[in-house]
Protein chains: 2
Amino acid sequence: MDFSSAEENYLKAIYHLSETDSEIVSTNAIAEELNTKPASVSDMLKKLSSKNLVNYIRYKGVSLTEKGKSVALWIVRKHRLWEVFLVEKLKFNWDEVHEVAEQLEHIKSRRMIEKLDVYLNFPKFDPHGDPIPDKEGNIAILPTLPLSEVSIGEVVKVVSVSDSDANLLQYLDKVGISIGSELQIVERIAFDGSLEINIKGSETVSRLVSPQVSQNILVTIDNKQKKALKGK
Amino acid sequence: MDFSSAEENYLKAIYHLSETDSEIVSTNAIAEELNTKPASVSDMLKKLSSKNLVNYIRYKGVSLTEKGKSVALWIVRKHRLWEVFLVEKLKFNWDEVHEVAEQLEHIKSRRMIEKLDVYLNFPKFDPHGDPIPDKEGNIAILPTLPLSEVSIGEVVKVVSVSDSDANLLQYLDKVGISIGSELQIVERIAFDGSLEINIKGSETVSRLVSPQVSQNILVTIDNKQKKALKGK
DNA sequence: AATCGAAGTTAAATTTGACTGATTATTTAC
DNA sequence: GTAAATAATCAGTCAAATTTAACTTCGATT
């Protein structure tokens, strides 16, 4: 079955919101995510509900049905595979691909996406570190937390960053943070919540990053480091 | 300036029709090309005219302005570059790419298309032999004629075939005709206009092709052959 | 020059997705 | 437990692109 770009965008927005926040998503949250008005969202939710893509209770909120989730994951799969293509093959920078991928994700051709997947050699993550759902909609989830919530002294590895803010991505380029970078948290400034971190590269650099930045970087506790600690 | 997919499709249709037939295109011809109704065409022509994309005189017909032509050529450039990508990189067959390219041609990103052009190594022709307009809209035009109009005995080379009919392309695959194939016209059957041709490959094969087929294959008089004749 | 049929146009209605303004539910604060 | 604040919905419009049905215009023929 085929859906309009508008419908697909709503399903994707609901999916993203129910990932980051709670399972059940509010009308206003969707309106903000899509830069539209709550009244428009109400209209569309009625429509999606009649197509059994969402569970919608008036005034209470909305969640994806199995069917809705599988459509959303399919859009996400397409978006992220195209991002890999744009960066790896066409040599775009990672801060330039989101907008174009927003258009490409609505191209309808199952066959093309499977061929693209082969061509890209079955990537598991997009250029921002977000996992790519497989054909069946399975998605690798590793335990992560925002950099802003890591405790002092901990060593972590950058897993992913928000792909929708080009300014953030350009900033990270400039200070030398990329997917896979190892960071150590040195100090948390009480005044504004800034973090002092060491960025391990060819040489270790110390930086101060704002909460705005650290909230948008997802990290894992570094396993190698963990083992080393255990060994002691 | 940005145009809707509908506007772009109309401009492309007018462009194609004014190439194959005359400069000035009729409402009904456009309606047929786009599988829509003449009334819809009238409405759109008024709109395109107010945007200075076409010269439109009620009841008389329509032609592209310079501006309209350059938009049309840009869409054609995108369509044909994507077709090259789909065949060369993703390994689609030449009969499968038209539909998908019809969607991809509406993606908006000048930058992406120029990067795609680089990535594909500046192809001059798409998989069906149609020339790809360059950045400025210049397009290579070689003197061609439909196979159906070639005289008996002549040796010709296949330059291009219609990309919009998958059945034709599959048929050509089956009988071993591809872009660049050399054909010799043996006989024209008076009854239905069928042609008997020799297809030169690893071995030469004789075939009978219907007018439907021969009208959709564009060929050039073979140059090597011409020289050989001159030499005599 | 009157007319007939084909080609083309207008008018009115439909569909999709959005917006504005008014109204109704739900929560929160006291 | 009620009033104010917040959230969500409803009703009415709008714009784009289409369709159907009814009406013009053109031009070829008589």
Side-chain angles (χ1 to χ4, degrees), chain A residues 1-14 17-18 21-64 68 71-72 75 102-103 105-108, chain B residues 1-14 17-18 20-64 68 71-72 75 102-103 105-106 108:
Chain A
M1 204 167 256
D2 264 6
F3 305 100
S4 69
S5 292
E7 291 171 327
E8 291 184 345
N9 283 335
Y10 273 92
L11 292 173
K12 193 174 55 135
I14 297 167
L17 290 169
S18 62
D21 304 334
S22 69
E23 180 85 2
I24 286 169
V25 178
S26 75
T27 302
N28 277 356
I30 298 169
E32 186 167 351
E33 175 90 2
L34 293 176
N35 289 309
T36 181
K37 294 291 174 311
S40 314
V41 177
S42 281
D43 286 350
M44 182 56 95
L45 291 184
K46 250 184 283 179
K47 187 175 163 191
L48 294 176
S49 180
S50 79
K51 293 189 179 184
N52 290 312
L53 294 163
V54 300
N55 305 305
Y56 174 48
I57 304 176
R58 280 160 73 255
Y59 292 103
K60 291 295 180 181
V62 72
S63 63
L64 293 175
V71 174
I75 309 301
E102 289 280 296
Q103 298 179 63
E105 72 188 7
H106 298 297
I107 302 289
K108 279 160 183 55
Chain B
M1 199 164 263
D2 263 5
F3 305 100
S4 69
S5 292
E7 291 170 327
E8 291 184 347
N9 284 334
Y10 274 92
L11 292 173
K12 194 175 54 134
I14 297 167
L17 290 168
S18 62
T20 49
D21 304 336
S22 70
E23 181 85 4
I24 286 170
V25 178
S26 75
T27 302
N28 276 359
I30 299 169
E32 187 169 351
E33 175 89 2
L34 294 175
N35 288 309
T36 181
K37 297 289 176 308
S40 316
V41 177
S42 280
D43 282 351
M44 183 57 94
L45 291 183
K46 246 185 285 177
K47 188 174 162 193
L48 294 176
S49 181
S50 79
K51 293 189 179 184
N52 290 311
L53 294 164
V54 299
N55 305 305
Y56 174 48
I57 304 175
R58 279 160 72 255
Y59 295 102
K60 291 294 183 185
V62 71
S63 64
L64 292 175
V71 174
I75 309 301
E102 289 280 294
Q103 298 178 62
E105 73 189 5
H106 298 297
K108 280 163 179 58

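Order of the sequence lines sets the chain letters (A, B, ...), proteins ahead of strands, with each chain counted from 1. Just so it is clear, the structure is predicted and the values come from calculations on it, not from any experiment.
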Are A:Glu102 and A:Lys12 close enough that some pair of their side-chain heavy atoms sits under 4.5 Å apart? yes
Can you check whether B:Glu105 reaches B:Glu8 side chain to side chain, under 4.5 Å on heavy atoms? no
Any non-hydrogen side-chain atom of B:Leu11 less than 4.5 Å from a side-chain atom of B:Ile75? no
Would you jot down, in residue-number order, the residues of residues 37-45 of chain A having a non-hydrogen atom under 4.0 Å from DNA chain C? A:Lys37, A:Ala39, A:Ser40, A:Asp43
Atom pair distance, as rounded to whole Å: OH in A:Tyr59 and P in C:dT23: 13 Å
Find the distance B:Lys60:NZ to C:dA6:C1' and express it as a whole number of Å. 15 Å
Would you kindly give the CG-to-P distance between B:Asn35 and D:dT18, to the nearest whole Å? 12 Å
Counting only side-chain N and O atoms of B:Tyr56, is one of them less than 4.0 Å from OP1 or OP2 of C:dT9? yes
Output the single nucleotide from D:dA8, C:dT9, D:dT9 whose closest atom is nearest the side chain of A:Ser26. D:dA8
Pairwise side-chain contact, B:Leu53 with B:Leu64, heavy-atom cut-off 4.5 Å (strictly under): no
Nearest-Å distance for atom pair CD1/C1', residues B:Ile57 and D:dT25: 15 Å
So, are A:Glu32 and A:Lys37 salt-bridged, with charged N and O less than 4.0 Å apart? no
Test item: A:Phe3 and A:Asn9 side chains (from C-beta on) under 4.5 Å apart, heavy atoms: no
What is the distance, to the nearest angstrom, from the CD atom on B:Glu32 to the P atom on C:dG8? 12 Å
Length of the CG-P vector between A:Leu48 and C:dT16, whole Å: 13 Å
Less than 4.0 angstrom between a side-chain N/O of A:Arg58 and OP1 or OP2 of D:dC10, yes or no? yes
Under 4.0 Å between a side-chain N/O of B:Asn28 and OP1 or OP2 of C:dA6, yes or no? no
Just compare D:dC10, D:dT9, C:dT9 and give me whichever is closest to any side-chain atom of A:Lys46. D:dC10
Under 3.5 Å donor-acceptor, B:Ser40 side chain and B:Thr36 backbone: no
For C:dA18, take OP1 and OP2 only and decide whether either is under 4.0 Å from a side-chain N or O of A:Tyr10. yes
